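Because the structure is a prediction, the values reported are computed rather than measured. Atom set for the values below is all heavy atoms of this structure, side chains included, hydrogens, waters and symmetry mates excluded. Counting begins at 1 with the first residue of the sequence.
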Amino acid sequence: MEHNTRYDVQALRGDYPILSREIYGKPLIYLDNTATTQTPLQVVDTIRDMYTGHKANVHRGVHTLSQEATAMQEDTRRLVASFIGAESSDEIIFTRGTTESINLVAASYGMLLEPGDEIILSVMEHHSNIVPWQLMAERRGLVIKVIPMSDAGVLDMDAYRSLLTRRTKIVAVAHVSNVLGTVNPVKEIITEAHKAGAVALIDGAQAIAHLEVDVRALDADFYVFSSHKMYGPCGVGVLYGKRSLLEKMPPYQGGGEMIKSVSFEHTEFAELPFKFEAGTPDFVDIAALHTAIDYMTGIGLANIAAHEEELLTYTTPRLLEVPGLRIYGTAPHKSAIISFLIGDAHHYDTGMLLDKLGIAVRTGHHCAQPLMHRLGITGTVRASFALYNTLEECDSFVAAVKRVAAMLG
C-alpha cells in the first residue's frame, strides 16, 4: 500500500512486543493512544537498567549509585527543558502526571488570588483541567467562566475575548482536545490573556507527542503534560512554569527534598525546581522519560505528525461511508483523533464488539462530561492514532466498524 511516511513504521513496530498480541484470535489493533501510548523496548530497558544497576535515592547521597541516579534525573530535566524550549531546567518540575501538574498550579498559584477573581476555562476541557479550579474557586471565592465552541468543535474566540476582564487571573485551556482532536489557537489565547493581565496554563497532554511545542514561542506561563502519553513510563508528569511565577508561588507539598533548612520554629524552602518536589521522586521512570524523548526525537516530531495526519485523512472519509455514522470534532486543524457514534447504537456496545474483533478503542465520556453535555450525547467511541499505527490497520478498523454497524442494525 502506498504511503508517504518518512520512517519505517513496520520496523519500529518491532520495538513494541504488545502489538504482536492477539485478542480473541485477532491481531491487536491498538487505537487507544489518546488514553495512553504503548512503550517501546528501549524505554523498558532503561527502567530495567535503573533497577538492576543504578537504584539509589537521588540528591545529597555521596556514594556512587546516588550520584549516578541523580545525574540521570537531572539530565532528563535538562532534556525536557530543551525539548519544549524552556529557558532553564529550573523551570521544569517533575510530578506524577498532567493531573498533578494542574492541581499544583491551582492549589499554589490559586493561593495568590482574591475573592471575586476569575478563571477562564473552555467547554472542551478534561476533568483534570476543571475540577482542580473548582476546588480552588470554592476555597477562595473565585468565579469560573467558560469559553463556548461551535458545533464543529472550534473555540469561539470572540466570546473568549468578551469573557476577559480586569478580574481575570488565570486562563487554562487544552492545547489539543482529547475528544474532538481540535488543535486550539493557544498562542492567540495566551496573547489575549496577557493583554488582560492574566496568566495562561496550557494542558499539553494531547499535544506533546504529536506537535512540536515551544513554550517560549507560545509565551505560555505554565505548560503541563504526562510521560505515559509520549511513549514513556507511567507515573511521571511535567510542569513547566516561568521562573518569575514559580518563585512567587508557595510550596504545594511539604517534606524531604523541598527544604533548605528545618527547625520547629521555621522552615526555609529549597530553590527551584526542588521547592515543588517533596519526597523521593520517581527517579527510575524520570530516567526512562529521557529515553522516550530520545526515541521520539530520533524519529522526528514532524515525521510523526505527518504520519498521523496521513492516517487521519485516510480513515475519516472511509468511516463516513458507514451508514448512520457521525463524527464529533470536525475542526479544520485537528489531531489524529476520531470520536464517533453509529446511529442509535450505544458507544459501549460498539466498543465491546470492536474489542471482539481485536480493535482497542475508548468508549464513554472521556473525562469530558461538560463537552458531552454541549454535544447533547452521553459519550462517544474514540479511535486515536500513534506513530506505530498503519494504513493496513486503518483498513481493518473501517471494515470492523462496518461489520459492527450491520450487527447493531
Side-chain angles (χ1 to χ4, degrees), residues 16 18-19 28-40 97-99 101-102 122-130 149 153 173-184 186 202-211 213 223-238 292 296 301 304-305 307-316 319 327-331 333-341 347-348 350-351 354-355 359-372 375 377 379-390 393-394 397 401:
Y16 302 86
I18 197 169
L19 298 180
L28 169 65
I29 296 177
Y30 185 79
L31 300 178
D32 193 20
N33 295 289
T34 298
T36 196
T37 51
Q38 295 301 330
T39 308
T98 303
T99 298
S101 295
I102 297 171
S122 89
V123 70
M124 63 178 69
E125 296 312 307
H126 189 280
H127 294 166
S128 61
N129 201 26
I130 299 173
M149 70 175 198
V173 175
H175 197 157
V176 175
S177 166
N178 74 308
V179 177
L180 307 171
T182 304
V183 180
N184 287 316
V186 291
I202 304 301
D203 173 357
Q206 301 302 338
I208 195 68
H210 309 283
L211 306 172
V213 172
Y223 197 94
V224 299
F225 54 92
S226 296
S227 162
H228 74 96
K229 295 182 192 289
M230 53 193 294
Y231 310 97
C234 297
V236 175
V238 169
M296 288 195 302
L301 264 292
I304 295 170
H307 174 64
E308 293 172 347
E309 172 69 17
E310 183 182 15
L311 298 177
L312 178 69
T313 55
Y314 179 84
T315 306
T316 301
L319 273 184
I327 290 174
Y328 295 88
T330 55
H333 191 201
K334 66 175 282 188
S335 187
I337 294 169
I338 304 175
S339 281
F340 66 94
L341 291 172
H347 46 85
Y348 185 78
T350 304
L354 287 171
D355 182 56
I359 295 169
V361 293
R362 180 71 42 164
T363 63
H365 53 65
H366 314 300
C367 294
Q369 285 181 302
L371 174 59
M372 295 301 149
L375 296 171
I377 55 179
T380 70
V381 182
R382 184 184 70 195
S384 50
F385 303 105
L387 63 84
Y388 40 65
N389 291 122
T390 66
E393 287 184 320
C394 294
F397 168 55
V401 171

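Residues satisfying the side chain to side chain donor-acceptor pair (under 3.5 Å) test with Arg382, not counting sequence neighbours, are none. With sequence neighbours left out, the side-chain contact (heavy atoms from CB on, under 4.5 Å) criterion links His347 to Leu341, Thr363, Thr378, Val381. Here Thr182 pairs with Met124, Ser177, Leu180, Asn184, Ala331 under the side-chain contact (heavy atoms from CB on, under 4.5 Å) rule; sequence neighbours left out. Residues satisfying the side chain to side chain donor-acceptor pair (under 3.5 Å) test with Ser226, not counting sequence neighbours, are Thr98. Remark: Ala207 pairs with His175, Val176, Leu211, Tyr223 by the side-chain contact (heavy atoms from CB on, under 4.5 Å) rule, at least two apart or across chains. Judged as a ring pair (Phe, Tyr, Trp, His ring centres under 6.0 Å), and not counting sequence neighbours, Tyr328 has no contacts. Shown here are the salt bridge (Lys or Arg N to Asp or Glu O under 4.0 Å) partners of Glu308, two or more places apart in sequence or in another chain: there are none. Shown here are the side-chain contact (heavy atoms from CB on, under 4.5 Å) partners of Thr39, two or more places apart in sequence or in another chain: Val43, Val44. Applying the side chain to side chain donor-acceptor pair (under 3.5 Å) criterion to Thr350, with sequence neighbours excluded, gives no partner residue. Listed by chain and residue number, His365 satisfy the ring pair (Phe, Tyr, Trp, His ring centres under 6.0 Å) test with His127 (two or more places apart in sequence, or in another chain). In terms of the side chain to side chain donor-acceptor pair (under 3.5 Å) criterion, residue partners of Ser128 (sequence neighbours excluded) are, by chain and number, His126.
Classification of the Tyr388-Tyr30 ring pair by plane angle, with boundaries at 30° and 60°, yields tilted.
Between Ile208 atom CD1 and Met230 atom CE the span is 5.0 Å, to the nearest 0.5 Å. Going from atom CD1 of Ile29 over to atom CZ of Phe397 covers 9.5 Å, rounded to the nearest 0.5 Å. Atom-to-atom distance recorded for Leu312:CG and Cys394:SG is 9.0 Å, nearest 0.5 angstrom. We find the OG1-CG distance between Thr390 and Leu311 to be 7.5 Å, quoted to the nearest 0.5 Å. Ser339 contributes atom OG, which lies 7.5 Å from atom NZ of Lys334 (distance to the nearest 0.5 angstrom). Taking CG of Asp32 as the reference point, atom CZ of Phe385 lies at 12.0 Å (rounded to 0.5 Å).
At least one side-chain heavy atom of Val173 sits less than 4.5 Å from a side-chain heavy atom of Glu125.
At least one donor-acceptor pair closer than 3.5 Å links the side chain of Asn178 to the backbone N or O of His366.
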